[in-house]
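A short write-up of the structure that comes next.
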Amino acid sequence: MSILRIAFVVGGATVVTCAIDAVVKAKWINKQPVDNPRLTRIAGYVRDGAMTFLRREYSTVLPFLLVVAAFLAVANTGPLRLQSISFAAGGILSALAGYIGMKVATNANAKTTHAAQSGLAAAFGLSFRAGSVMGIGVVGLTMFGVLLVFGPVTLLYGSGKVALTGRVLPILSGFSLGASSIALFARVGGGIFTKAADVGADLVGKVEAGIPEDDPRNPATIADNVGDNVGDVAGMGADLFESYAGSIIGTMFLGAAAATGAAESLRLVALPLLLASAGILASLVGIRFVRIRGQGGPGPAMMRGTLVAVTLAAILAFFVSRLTLGSAADAEIGYLRVFFCAVLGMVAGTVLGVVTEYFTGADTRPVRSIATSCETGAATTIITGLGVGMASSVPPVLIVATVILAGSALSGTYGIAISALGMLMTIGIQLAVDAFGPVADNAGGLAEMSEMPPAVRHVTDELDAAGNTSAAVGKGFAIGSAALTSIILFSAFREQVGLEYADLMGTDALAGVFVGAMIPYLFSSMAIRAIGKAAFAMIEEVRNQFRSKPGILDETEEPDYRRCVDIATASALGGMVVPGVVAALLPVAVGFLGGVELLAGLLVGVTASGVVLAVFMANSGGAWDNAKKLIESRGDAAKGTELHKAAVIGDTVGDPLKDTAGPSLNILIKLMGVVSLVIAPILRSFWGL
């Protein structure tokens with residue numbers, strides 16, 4: 001049996017295992033009881049709002065997907081026309097990943113609140129199990145999609161080096177483009193929704209009306225809880241789905257290009273599939289170690305599971321590399337070099353998480369400095385938070401640069417690609433940790449709105465604190481993986497257009513670098529201004545309800561929750577279209593009007609600028625958020641004071657940065673890279689390269 005067939009068999013078995021695991025856990029979650037009618041009713045509002053938004057979002061994106069699929073079918077010739085089908089498969093599976101995650105998360109939040117009556121261990125076990133359905137579902141669907149496209153296309157056109165680089169893998173790149181397209185719209189649309197609701201709920205509810213967070217008297221509170229799901233579940237799921245797909249496909253591309261013969265090309269193309277399968281297995285094992293023991297909390301439990309997964313993934317990576325590449329350890333792409341590249345990526349991902357937690361953690365020195373600055377007002381709160389965010393961009397950039405240099409020194413561009421894949425090998429448990437956060441956050445909101453006993457709220461608060469930290473770490477991990485994935489895609493694009501190197505001092509490339517460096521700022525501006533416009537409408541609606549229904553505050557009248565959900569939905573759908581279309585069309589316009597060197601410079605500029613800006617925005621927003629929570633943890637005496645109001649304003653400024661603009665830049669840089677890769681054969685023909 002050839003190594004490629006072994007990769008298909010192993011990958012197929014992995015997909016089946018993921019499906020069984022996800023279905024079993026989802027059914028178990030469905031069986032968990034909720035015996036509080038008020039809790040059930042309010043959770044129903046959140047679930048209905050989230051699923052309605054997702055359906056409307058996908059309906060809005062559908063015309064764009066159809067246009068792109070038609071363009072790929074018409075612009076390409078011969079076998080490459082199949083890119084349109086591959087593109088559709090990537091988009092559909094990415095959307096399905098978001099839908100499954102949303103369905104499970106919105107079903108689990110009320111059940112987590114109910115389980116909190118039995119203590120922290122029960123509530124954490126349920127919420128993390130819901131997150132693990134998302135994590136395992138995403139990696140399983142990604143592997144399924146890659147095999148679904150790669151298998152038939154390989155049978156049609158063969159598995160030789162020429163067939164792989166000229167037909168098979170260019171067709172497969174369409175899958176990554178479809179995933180990236182859905183991810184961008186999901187991130188931007190979900191981010192606008194959640195921040196419009198969050199800003200309205202905080203500024204009018206907390207600052208003006210002086211009522212607590214998640215108070216049922218606040219008309220925007222249901223929309224706020226809906227937003228946690230559409231932004232951090234569907235959005236993050238689609239984000240890491242396309243990172244994972246792009247990393248696997250890009251590594252296969254570079255492996256085929258780097259190979260010196262047919263046999264080596266098969267090994268280097270099969271290796272990413274086998275490493276990904278090993279990582280999924282390691283994640284499944286690691287997830288089973290995530291449980292609270294004794295007096296421990298959620299944080300140590302998740303860290304233990306993650307370390308188990310990473311350790312097992314490293315062990316499996318050694319054996320997979322050895323069995324796939326043979327015993328020639330001293331070759332440029334020998335098994336030891338490749339193994340070290342994979343471990344390099346795993347270590348880098350872990351260190352990125354530690355660094356992110358330091359700058360955004362609940363009680364770390366940077367966060368305490370922001371909390372202290374709140375004593376002198378909102379201005380110093382914002383100034384200090386900006387400083388923390390800027391400083392936080394230094395370590396991640398140095399880590400990414402180290403991985404690029406070390407990976408290249410070990411095995412060239414293929415080594416960099418393996419390092420990126422190594423960082424994403426345990427994405428199953430990483431995404432489970434991240435998806436647990438919104439479930440825990442919603443559980444706390446439901447406990448407050450359902451007026452459950454203080455002991456229940458204490459449990460959900462502890463879960464929420466762990467969820468905030470895991471969300472911040474997840475964003476740091478996503479940014480680091482995006483940087484390396486974009487390097488893979490850029491390298492694959494360069495191979496496809498026959499560009500040996502880009503002279504960054506040449507006028508075309510240099511102009512492209514400057515334009516590319518500007519794009520993340522333009523994109524972020526569009527996203528943040530859309531949030532500002534949506535938040536304005538939400539604030540006006542909440543104020544109007546308080547004026548027209550004065551009985552809301554003394555609980556003699558019911559707020560109109562649905563109206564706030566409708567406003568957030570309409571604003572999100574309207575605000576996500578232009579940034580998404582601009583990001584997708586810009587590489588096409590530059591490539592056909594300016595040439596491949598200008599486009600190469602553009603990709604370099606957008607990646608370098610986008611990574612730094614994304615880290616700054618994500619970490620400053622996370623630090624502001626936890627500074628507010630640090631002040632709130634001091635008890636009711638701190639809430640409602642000028643100190644607390646300054647912290648709320650800082651958190652409100654940071655929310656659009658950490659939950660919309662920052663995470664969206666991850667997808668922006670990858671989307672522009674994969675668009676360039678997909679159109680590379682057309683550009684090569686157009687410019688006669």
Side-chain angles (χ1 to χ4, degrees), residues 28-47 50 104-131 198 201 205-206 211-218 221-222 224-229 232-233 290-302 362 435-471 555 559 561 625-626 628-640:
W28 180 85
I29 291 170
N30 283 334
K31 292 179 181 178
Q32 302 312 300
V34 179
D35 59 7
N36 185 318
R38 181 179 174 87
L39 175 61
T40 302
R41 177 171 60 84
I42 295 173
Y45 290 152
V46 175
R47 181 172 58 252
V104 173
T106 54
N107 187 35
N109 51 22
K111 297 176 186 295
T112 300
T113 307
H114 180 273
Q117 296 176 107
S118 302
L120 180 63
F124 173 69
L126 201 155
S127 56
F128 185 79
R129 189 166 293 195
D198 200 4
K206 285 185 176 181
I211 58 179
E213 186 172 4
D214 294 320
D215 193 295
R217 294 172 292 175
N218 192 328
T221 195
I222 293 292
D224 188 11
N225 281 271
V226 170
D228 291 334
N229 291 289
D232 288 338
V233 177
V290 180
R291 54 175 57 90
I292 291 178
R293 299 175 178 174
Q295 300 300 313
M302 291 187 288
F436 142 80
V439 177
D441 191 8
N442 267 203
L446 293 175
E448 181 75 31
M449 288 184 281
S450 303
E451 299 178 347
M452 298 192 76
V456 173
R457 182 67 190 190
H458 177 75
V459 170
T460 58
D461 281 346
E462 189 167 349
L463 288 179
D464 187 23
N468 284 331
T469 300
S470 68
E555 299 186 79
Y561 300 123
D625 186 7
N626 273 333
K628 179 199 70 174
K629 286 183 168 56
L630 180 61
I631 290 171
E632 291 176 342
S633 69
R634 298 171 185 172
D636 292 338
K639 296 180 180 180

Verify, without hydrogens or angle tests, whether [X] (side chain) and [Y] (backbone) share a donor-acceptor contact under 3.5 angstrom.
| X | Y | answer |
| --- | --- | --- |
| R38 | M449 | yes |
| Q32 | I29 | no |
| S127 | F124 | yes |

Inset, instruction - Fit a plane to each ring of F436 and F128, take the angle between them on a 0 to 90° scale, and name the class: parallel (under 30°), tilted (30 to 60°) or perpendicular (over 60°). - result: tilted
If you round to the nearest 0.5 Å, how far is [atom2] of [Y] from [atom1] of [X]?
| X | Y | atom1 | atom2 | result |
| --- | --- | --- | --- | --- |
| T113 | L126 | OG1 | CG | 9.5 Å |
| K111 | K31 | NZ | NZ | 11.5 Å |
| E632 | L630 | CD | CG | 10.0 Å |

Heavy-atom pair with the smallest gap, counting every atom of [X] and [Y]:
| X | Y | result |
| --- | --- | --- |
| T106 | A50 | CG2-CB, 3.9 Å |
| P298 | I292 | N-CD1, 4.1 Å |
| N225 | D441 | OD1-O, 4.3 Å |
| L463 | A123 | CD1-CB, 3.6 Å |
| A43 | A110 | CB-CB, 3.5 Å |

Legend entry - Any T221 side-chain heavy atom under 4.5 Å of Y561 side chain: yes
Legend entry - Side-chain touch E448/R457, heavy atoms, less than 4.5 angstrom: yes
Legend entry - Set of side chain to side chain donor-acceptor pair (under 3.5 Å) partners for R217, sequence neighbours left out: D215
